[in-house]
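Take a look at the structure below.
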Amino acid sequence: MLGYYENQIETDNIIKIHSDGERWLHTGDLGYLNDDGVLFVSGRIKRILITKGDDGTPTKLFPARIENLIMKHPSVELCCVATLPDDVRVNVAIAFVVLVNDVEESSKLIDDLMNYCKENLPDYMLPEKIIFKESLPRTQRGKVDYRTLEKEAEKL
């Protein structure tokens, strides 16, 4: 990419010249290369937030890590984690979950999902709440709209 057409400000925001003189496109995506050189996109830098654990130590909260784990549960079709500001912990996670067709909402299932999270995530990443939904809102590009869910979470 050479830059944005007739928009030098946005071009300068996304294309950076590194100390070695090379120009790099900074997309805001997180990812990794496997041993074969294949690039995998694993998240967005903008979705990394600060939280505090029980000991009060600030640490990073990765909504995508929580989402990926919850979506591995056999009862879950889709998950999106929104975050809410919190006076004590800075930010907390709220998991919005769409269940597979034949699974019904229940307090037992919430307990099961929370225990699943406790077994596989550090304490500071545990969702404060799990909310079941029929579907999740989408952006115009078809991605799950976590910003809309954050606004919904504010009303809880």
Side-chain angles (χ1 to χ4, degrees), residues 1 4 7 9-16 25-34 38-156:
M1 175 176 168
Y4 288 105
N7 192 337
I9 292 171
E10 286 302 315
T11 297
D12 292 343
N13 284 336
I14 198 167
I15 297 176
K16 306 288 182 188
L25 178 68
H26 289 243
T27 64
D29 293 309
L30 294 172
Y32 62 93
L33 293 173
N34 71 6
V38 177
L39 175 66
F40 291 87
V41 177
S42 58
R44 299 275 303 152
I45 290 172
K46 290 180 182 177
R47 289 201 69 207
I48 299 174
L49 299 152
I50 299 299
T51 192
K52 289 184 180 178
D54 291 338
D55 63 357
T57 302
T59 190
K60 293 176 184 169
L61 176 66
F62 297 88
R65 182 173 170 192
I66 303 166
E67 292 164 353
N68 291 337
L69 173 74
I70 292 175
M71 285 192 291
K72 289 179 183 175
H73 191 280
S75 297
V76 175
E77 180 178 323
L78 187 60
C79 176
C80 182
V81 170
T83 55
L84 283 177
D86 184 79
D87 292 338
V88 176
R89 295 188 46 216
V90 185
N91 291 289
V92 294
I94 308 293
F96 290 89
V97 173
V98 176
L99 299 173
V100 295
N101 287 336
D102 58 343
V103 176
E104 294 189 21
E105 301 175 17
S106 69
S107 58
K108 182 184 179 316
L109 181 55
I110 290 175
D111 291 343
D112 185 38
L113 288 169
M114 286 301 289
N115 287 331
Y116 182 65
C117 288
K118 286 177 185 175
E119 292 169 4
N120 294 285
L121 292 171
D123 287 345
Y124 64 86
M125 279 198 186
L126 296 176
E128 286 290 309
K129 292 183 181 179
I130 295 175
I131 298 167
F132 297 123
K133 295 189 62 77
E134 293 291 319
S135 63
L136 299 180
R138 300 283 180 160
T139 66
Q140 289 182 341
R141 299 203 182 265
K143 295 180 180 181
V144 175
D145 189 351
Y146 71 90
R147 289 187 177 107
T148 296
L149 293 172
E150 285 175 347
K151 290 176 186 169
E152 185 177 325
E154 288 173 2
K155 298 174 186 174
L156 298 173

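The figures here come from the full heavy-atom set of this structure, side chains too, leaving out hydrogens, waters and symmetry mates. Remember, predicted model here, so these are calculated numbers, not experimental data.
- For the residue pair Asp112 / His73, a side-chain donor-acceptor distance below 3.5 Å is found, with atom types taken as modelled.
- Between the CD atom of Glu119 and the CG atom of Asn115 there is a distance of 6.5 Å, given to the nearest 0.5 Å.
- Annotation: side-chain hydrogen bond (donor to acceptor under 3.5 Å, both in side chains) contacts involving residues 78-93, sequence neighbours excluded, comprise Thr83-Glu150, Arg89-Glu128.
- In this structure, Gly53 and Tyr124 approach most closely via the heavy-atom pair CA-CB, 3.9 Å.
- Dense packing is recorded around CG of Asn34, with more than 12 heavy atoms of other residues, nucleotides or ligands lying under 6.0 Å away.
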Intermediate values then yes/no, side-chain contact (heavy atoms from CB on, under 4.5 Å), Leu149 and Asp145: CA-CA 7 Å; Leu149 293 172; Asp145 189 351; over 6 Å; no
Quick one, Leu126 with Lys118, criterion side-chain contact (heavy atoms from CB on, under 4.5 Å). Give me CA distance, side-chain angles, the key distance, then yes/no. CA-CA 7 Å; Leu126 296 176; Lys118 286 177 185 175; 3.7 Å; yes
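- By the 4.5 Å heavy-atom criterion applied to side chains, Ile110 and Phe132 are counted as neighbours.
- Within the 4.5 Å cutoff, the side chain of Leu121 has heavy atoms near those of the Leu69 side chain.
- Taking the side chain as every heavy atom from C-beta outward, His26 and Ile15 never approach each other to under 4.5 Å.
- With Lys155 contributing its side chain and Lys151 its backbone, the two residues share no donor-acceptor pair below 3.5 Å.
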For Val144 and Leu78, run side-chain contact (heavy atoms from CB on, under 4.5 Å): C-alpha distance rounded to whole Å, both residues' side-chain angles, the deciding distance at 0.1 Å, then the answer. CA-CA 10 Å; Val144 175; Leu78 187 60; 4.1 Å; yes
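- For Tyr4, the ring-ring contact (aromatic ring centres under 6.0 Å, His included) test picks out no residue, with sequence neighbours left out.
- Considering only heavy atoms from C-beta on, Val97 stays 4.5 Å or farther from Lys133 through its side chain.
- Heavy atoms only, all atoms of each residue included: Ala93 and Ile66 are closest at CB-CD1, 3.9 Å.
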Please assess Lys143 against Arg138 for the test side-chain contact (heavy atoms from CB on, under 4.5 Å), listing each intermediate value before the final yes or no. CA-CA 5 Å; Lys143 295 180 180 181; Arg138 300 283 180 160; 5.8 Å; no
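- Remark: Glu67 does not engage Lys72 in a salt bridge, criterion side-chain N to carboxylate O under 4.0 Å.
- Taking CD1 from Ile130 and SG from Cys117, the interatomic distance works out to 5.5 Å, rounded to the nearest 0.5 Å.
- For the residue pair Ile50 and Pro58, the shortest heavy atom distance occurs at CG2-CB, 4.1 Å.
- Considering every non-hydrogen atom in both Tyr146 and Cys80, the closest pair reads CB-SG, 3.6 Å.
- Closest heavy-atom contact between Ile70 and Ala95: CD1-CB, 3.8 Å.
- Under a cut-off of 6.0 angstrom, the local environment of CD1 in Ile9 is sparse, with at most 12 non-hydrogen atoms contributed by other residues, nucleotides or ligands.
- Nearest heavy atoms, Glu105 versus Leu99: N-CD1, 3.8 Å.
- The shortest side-chain heavy-atom distance between Thr59 and Lys52 does not fall under the 4.5 Å cut-off.
- Looking only at side-chain heavy atoms (C-beta outward), Cys79 and Val81 come within less than 4.5 Å of each other.
- Contact annotation: the side chain of Pro85 never approaches that of Val90 to less than 4.5 Å [non-hydrogen atoms, C-beta and beyond].
- Distance check, rounded to the nearest 0.5 Å: CG of Asp12 to NZ of Lys16 gives 7.5 Å.
- Remark: Lys60 NZ is loosely packed, at most 12 non-hydrogen atoms of other residues, nucleotides or ligands lying under 6.0 Å away.
- At a threshold of 4.5 Å between non-hydrogen side-chain atoms, the residues Leu25 and Ile14 count as touching.
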